[in-house]
**Q** 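Mind looking over this structure? Questions follow.
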Amino acid sequence: QVQLVESGGGLAQPGGSLRLSCAASGFTFSRYDMTWARQAPGKGLEWVSGIYSDGSGTYYADSMKGRFTISRDNAKNTVYLQMNSLKPEDTALYYCAKAPPGTGWAADYWGQGTQVTVSS
């Protein structure tokens, strides 16, 4: 069955960095766009970033541009989110999801999430 397992979350100081990973299994990873989203305490789900199935295109929410970098390794069935210059407002539960190509990041399966806390 489809599995998406996020890891790499934790506590970071403002201005620090974290690298999230999402290991995929149970489907043909290289055929799907992948996306990251987050949910802060008491707030709704916020789209963060997406990457095309072949890695040819990457996209970010405006508040993440220049700070976050999404990448993928299709040989390892893994998608990454490098987060730099972290801010307290980046504190959230971060999810990865798979999306059929051409659906505008409309995810059809989500992982369980990894917690990111940015605090001094």
**Q** Looking at SG of Cys22 and CH2 of Trp110, how far apart are the two atoms once the value is rounded to the nearest 0.5 Å?
**A**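 With rounding to 0.5 Å, SG (Cys22) is 11.0 Å from CH2 (Trp110).
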**Q** Report yes if some heavy atom in the side chain of Asp90 is under 4.5 Å from a heavy atom in the side chain of Phe68; otherwise report no.
**A** yes
**Q** Is the shortest heavy-atom distance from the side chain of Gln115 to the side chain of Thr91 under 4.5 Å?
**A** yes
**Q** How long is the span from the OG1 atom in Thr35 to the CD1 atom in Ile70, to the nearest 0.5 Å?
**A** 6.0 Å
**Q** Tell me, please, which residues at least two apart from Asp73 pass side chain to side chain donor-acceptor pair (under 3.5 Å).
**A** none
**Q** If you group Ile, Leu, Val, Met, Phe, Trp and Tyr by side-chain heavy-atom gaps below 4.5 Å, do Leu20 and Tyr80 land in one group?
**A**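 Shared cluster, no.
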**Q** State, with a plain yes or no, whether a side-chain heavy atom of Met83 is found less than 4.5 Å away from one of Met64.
**A**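 Met83 vs Met64: side chains apart.
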**Q** Could you tell me which non-hydrogen atom of Asn74 sits nearest to which non-hydrogen atom of Asp54, and how far apart they are?
**A**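 Smallest interatomic distance, heavy atoms only, reads ND2-CA, 4.3 Å.
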**Q** Please determine whether the number of non-hydrogen atoms from other residues, nucleotides or ligands lying under 6.0 Å from atom CD of Gln82 exceeds 12.
**A** yes
**Q** Between Asp108 and Lys98 (salt bridge meaning N to carboxylate O under 4.0 Å), is one present in this structure?
**A** yes
**Q** Report yes if some heavy atom in the side chain of Glu46 is under 4.5 Å from a heavy atom in the side chain of Ser63; otherwise report no.
**A**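 They are in side-chain contact.
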**Q** Validate the cation-pi geometry between Arg38 and Tyr95: distance from NZ or CZ to the six-membered ring centre under 6.0 Å, angle to the ring axis within 45°.
**A**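 Arg38 over Tyr95 ring: no.
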**Q** Where the side chain of Tyr109 meets the backbone of Val2, is there a donor-acceptor pair that is under 3.5 Å apart?
**A** yes
**Q** Could you give the distance from OG1 (Thr69) to CZ (Arg67), rounded to the nearest 0.5 Å?
**A** 11.0 Å
**Q** Going by ring pair (Phe, Tyr, Trp, His ring centres under 6.0 Å), name the pairs with one or both residues in residues 1-46, residues two or more places apart or in two chains.
**A**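 Passing the test, one end in residues 1-46: Phe27-Tyr32.
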**Q** Using a 4.5 Å cut-off on heavy atoms from C-beta on, say whether the side chain of Met34 contacts that of Arg72.
**A**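 Touching, per the 4.5 Å side-chain cut-off.
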**Q** Any idea which heavy atoms bring Ala106 and Pro100 closest together, and the distance?
**A**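 Residues Ala106 and Pro100, closest heavy atoms: O-CD, 3.7 Å.
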**Q** Do Ser119 and Pro88 make a side-chain contact, defined as non-hydrogen atoms from C-beta onward lying under 4.5 Å apart?
**A** no
**Q** Over all heavy atoms of both residues, which pair between Ser49 and Leu81 is shortest? Give the atoms and the distance, please.
**A**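 Looking at all heavy atoms of both residues, the closest pair is CB-CD1, 4.3 Å.
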**Q** Can you get from Val79 to Val5 by hopping between Ile, Leu, Val, Met, Phe, Trp and Tyr side chains that sit under 4.5 Å apart?
**A**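 Val79 does not cluster with Val5.
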**Q** Do you know which two heavy atoms are closest between Trp47 and Tyr60, and how far apart they sit?
**A**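 What the structure gives for the nearest pair is CZ3-C, 3.5 Å.
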**Q** Indicate the atoms forming the closest heavy-atom contact of Leu86 with Ala12, along with that distance.
**A** CD1-CB, 3.8 Å
**Q** Under a 3.5 Å distance rule, please check whether Glu6 uses its side chain to pair with a backbone N or O of Gln112 as donor and acceptor.
**A**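 Yes, because the side chain of Glu6 sits within donor-acceptor range (under 3.5 Å) of the backbone of Gln112.
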**Q** Can you tell if the side chain of Cys96 reaches within under 4.5 Å of the side chain of Leu4, non-hydrogen atoms only?
**A** yes
**Q** Are the side chains of Arg31 and Ser53 in contact, using a 4.5 Å heavy-atom criterion?
**A**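 A side-chain contact under 4.5 Å is absent here.
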**Q** State, to 0.1 Å, how close Ser17 and Asn84 come at their nearest heavy-atom pair, and which atoms those are.
**A**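 Heavy atoms only, the tightest pair is OG-OD1, 2.9 Å.
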